[in-house]
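Note on naming: letters A, B, ... go to the chains in the order of the sequence lines (proteins, then strands), and numbering restarts at 1 for each one.
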There are 2 protein chains.
Amino acid sequence: MAGSKTRFPLAEFKVGVDNVIFSVDTAQNRLLVLLVMRDAEPYRDYWCLPGTLVRQGESPEDAAYRILAEKIRVKNLYLEQLYTFGEVEDSRDPRQDPGDPGKEHRLQWARYLSISYFALVRFSEAELIANGVSGIAWYSLQQVPQLAFSQNRILEYGHRRLCNKLEYSPVAFDVLPELFTLNDLYQFYATVLGENFSDYSNFRTRLLKLGFLNDTGEKVSRGAGRPASLYKFDAAAFSLHKDKPMVFI
Amino acid sequence: MAGSKTRFPLAEFKVGVDNVIFSVDTAQNRLLVLLVMRDAEPYRDYWCLPGTLVRQGESPEDAAYRILAEKIRVKNLYLEQLYTFGEVEDSRDPRQDPGDPGKEHRLQWARYLSISYFALVRFSEAELIANGVSGIAWYSLQQVPQLAFSQNRILEYGHRRLCNKLEYSPVAFDVLPELFTLNDLYQFYATVLGENFSDYSNFRTRLLKLGFLNDTGEKVSRGAGRPASLYKFDAAAFSLHKDKPMVFI
DNA sequence: CCAAAAGTGTTCCGAGTACACCCATGT
DNA sequence: ACATGGGTGTACTCGGAACACTTTTGG
């Protein structure tokens with residue numbers, strides 16, 4: 001066992017973090033993902049997921065929060081780990097010094113590993129920060145271009161996770177405003193899962209029956225039509241029966 | 001951006017892989033997990049998950065398969081990534097040379113990150129390999145002791161994943177024998193999910209209705225009672241409706 | 001013949017689906 | 001008044017849960 005260390009030298013890794021940051025623009029019914037434009041080779045001028053390398057004294061999750069905070073100013077968000085990519089061929093990460101001499105040789109042992117995180121942020125309050133970046137933008141999911149480093153697969157993976165999360169966990173309430181109408185909630189779900197996930201009135205009754213949405217009594221009027229009640233998510237009431245699967249679809 | 005590299009030095013990681021290897025002993029209705037005993041400090045003589053460090057030219061997944069192959073000889077298995085732990089306090093991984101001089105100082109930049117994998121192997125054919133280990137054993141899930149490095153949380157996480165996987169994916173058929181009775185299948189599920197997940201006869205009808213279990217016509221008699229039909233998993237038939245959630249619970 | 005295990009059928013109930021319908025407000 | 005969106009109710013259907021029942025073997 002001790003001898004194996006010399007016979008089989010260990011790999012040394014730099015660890016990168018890539019965030020799939022989603023936001024839901026309920027007004028326009030668009031599911032958005034945050035992309036930034038690369039300003040260095042390789043893949044210069046390609047869009048990619050916001051990412052960074054993990055620094056000393058920092059955990060990968062810290063790094064995920066840091067890159068998020070560097071790109072957008074947001075109060076309410078949900079974040080969780082997605083997947084770790086570490087194939088040898090993925091290791092040609094570019095974020096090393098481009099002019100590094102002896103690069104070809106170093107590639108043998110300078111390896112990169114990418115931990116991807118998945119985040120959901122409240123759209124209304126999210127301010128993009130464009131400091132020293134050649135591009136940063138919300139992209140509608142359908143319009144996402146070819147990303148650098150084949151990050152499209154990470155994005156797809158994140159999208160699947162988002163859909164699943166919605167069905168059995170209350171992530172939606174992390175990014176909806178404090179007070180929301182049932183239609184807001186419905187639009188949110190419809191935007192992410194597609195129009196045909198459920199009838200509106202059935203969605204209503206199902207959610208109300210679950211018992212963790214409190215009618216505040218306040219009404220809000222949006223143009224024509226009867227004013228809608230504003231509801232509030234009751235975390236305590238939810239936690240009581242969070243063991244049961246709560247299926248929305 | 002370029003300047004940040006010098007102001008914020010990056011962390012260098014050794015990457016470890018820890019496997020949560022499950023097996024189901026249907027004969028005795030026990031859900032088992034593979035543990036090995038540590039033979040070095042820290043946590044000498046503590047049980048832990050089988051793990052290794054990623055070598056040069058090897059992907060984390062390769063490493064996961066390698067450690068699995070080093071510990072048990074098995075033909076049929078299922079393996080997938082679980083989660084990556086990289087907290088700074090987790091970094092005091094022991095598998096560095098114990099006598100390393102200047103260790104205290106090195107801890108600042110020699111960091112460890114653990115990618116955990118989750119595996120399910122066929123119990124009947126699994127032969128444990130005890131080469132140069134001070135202990136290796138299948139542990140019944142209820143009897144797992146305190147593990148080194150608080151790996152119990154990884155184990156719990158893996159257990160949750162196993163339960164979920166069973167409900168919507170055909171992992172069971174990867175580790176059941178080619179031909180099995182419906183009771184074998186039921187015992188498998190009951191062992192993992194608990195006795196009370198479903199009535200046997202309802203389980204039968206539900207699974208048969210799904211249409212991917214072919215009755216081979218062969219019968220097998222086990223002691224008293226009517227002989228049971230041997231069934232075979234039809235992967236092609238399954239793939240047709242694998243989009244639909246197949247809920248067993 | 002009886003116990004034991006495999007396999008079938010039946011009844012009941014609750015949850016999802018698809019609607020039709022009432023209510024309150026702006027214009 | 002009427003269009004518009006909010007909100008309620010109902011009838012139907014399908015699938016799961018519980019459990020009784022039949023079938024085929026070994027002893």
Side-chain angles (χ1 to χ4, degrees), chain A residues 26-29 166-168 176-177 179-191 193-232 241 243-249, chain B residues 26-29 166-168 176-177 179-191 193-232 241 243-249:
Chain A
T26 34
Q28 296 192 56
N29 264 50
L166 276 190
E167 289 177 21
Y168 63 84
L176 279 172
L179 298 176
F180 52 88
T181 71
L182 286 176
N183 202 19
D184 291 338
L185 186 59
Y186 178 72
Q187 292 307 330
F188 188 95
Y189 273 85
T191 303
L193 301 176
E195 272 318 319
N196 46 1
F197 83 103
S198 170
D199 183 271
Y200 169 61
S201 73
N202 293 327
F203 179 80
R204 272 184 67 83
T205 33
R206 217 177 327 139
L207 280 185
L208 288 179
K209 193 162 45 183
L210 292 174
F212 51 74
L213 296 184
N214 293 337
D215 188 340
T216 62
E218 286 182 72
K219 306 282 181 186
V220 63
S221 208
R222 286 166 184 170
R226 177 175 172 173
S229 274
L230 286 172
Y231 285 81
K232 219 173 114 174
H241 55 147
D243 47 336
K244 290 155 194 115
M246 89 172 182
V247 178
F248 295 104
I249 198 168
Chain B
T26 35
Q28 297 191 56
N29 265 50
L166 275 190
E167 290 176 22
Y168 62 83
L176 278 172
L179 298 177
F180 52 87
T181 71
L182 285 176
N183 201 21
D184 291 338
L185 185 60
Y186 178 72
Q187 292 306 330
F188 187 95
Y189 273 86
T191 303
L193 301 176
E195 272 318 319
N196 45 1
F197 83 101
S198 169
D199 182 272
Y200 170 60
S201 73
N202 292 327
F203 179 80
R204 271 185 67 85
T205 33
R206 217 176 327 139
L207 279 187
L208 288 179
K209 194 162 44 185
L210 292 174
F212 51 72
L213 296 183
N214 293 337
D215 189 340
T216 63
E218 286 183 71
K219 307 281 180 186
V220 64
S221 206
R222 287 167 185 168
R226 177 175 173 173
S229 274
L230 286 172
Y231 286 80
K232 219 173 114 172
H241 56 147
D243 47 336
K244 289 154 193 118
M246 88 171 182
V247 178
F248 295 104
I249 199 168

Donor-acceptor pair, distance only, cut-off 3.5 Å: does the side chain of A:Thr216 make one with the backbone of A:Leu230? yes
Mind checking whether B:Phe203 and B:Tyr189 have parallel, tilted or perpendicular rings, split at 30° and 60°? tilted
Could you state the CG-C1' distance from A:Leu207 to D:dG6, rounded to the nearest angstrom? 16 Å
Taking the side chain as every heavy atom from C-beta outward, state whether B:Thr181 and B:Tyr186 have any atom pair closer than 4.5 Å. no
Short side-chain N/O contact from B:Arg204 to OP1 or OP2 of C:dA6, under 4.0 Å: no
Separation of C:dT17 C1' from A:Phe197 CZ (nearest whole Å): 14 Å
When the distance from OH of B:Tyr200 to P of C:dG9 is rounded to whole Å, what number comes out? 15 Å
Whole-Å gap separating P (D:dG6) and CD (A:Glu218): 17 Å
What heavy-atom pair brings A:Arg204 and A:Tyr231 nearest, and what distance separates the two atoms? NH2-OH, 4.4 Å
In whole Å, I'd like the distance from the CG atom of A:Asn196 to the P atom of C:dA18. 10 Å
For B:Leu208 and A:Lys209, take the nucleotide of DNA chain C holding the closest heavy atom to each; which residue's nucleotide lies nearer the 5' end? B:Leu208
Do B:Leu213 and B:Leu182 have side-chain heavy atoms sitting under 4.5 Å apart? yes
To the nearest Å, how far apart are A:Asp199 CG and C:dC21 C1'? 13 Å
What distance separates A:Arg222 CZ from A:Asn183 CG, expressed to the nearest 0.5 Å? 8.0 Å
OP1 or OP2 of C:dA6 under 4.0 Å from side-chain N/O of B:Asn183: yes
Could I get a table of every N or O pair under 3.5 Å where one atom is in the protein and the other is in nucleotides 23-27 of chain D?
{"from": "D:dT23", "atom 1": "O2", "to": "B:Arg226", "atom 2": "NH1", "distance (Å)": "3.1"}
{"from": "D:dT24", "atom 1": "O2", "to": "B:Arg226", "atom 2": "N", "distance (Å)": "3.3"}
{"from": "D:dT25", "atom 1": "O2", "to": "B:Gly225", "atom 2": "N", "distance (Å)": "3.3"}

Any side-chain N or O of A:Arg206 under 4.0 Å from OP1/OP2 of C:dA15? no
Is there a side-chain contact between B:Leu176 and B:Leu185, using heavy atoms and a 4.5 Å cut-off? yes
More 5' along DNA chain D: A:Asn202 or A:Arg222, using each one's nearest nucleotide? A:Arg222
Check whether any side-chain nitrogen or oxygen of A:Ser229 sits under 4.0 Å from OP1 or OP2 of D:dG7, and answer yes or no. yes
Could you give the NZ-to-P distance, from A:Lys219 to D:dG5, as a whole number of Å? 18 Å
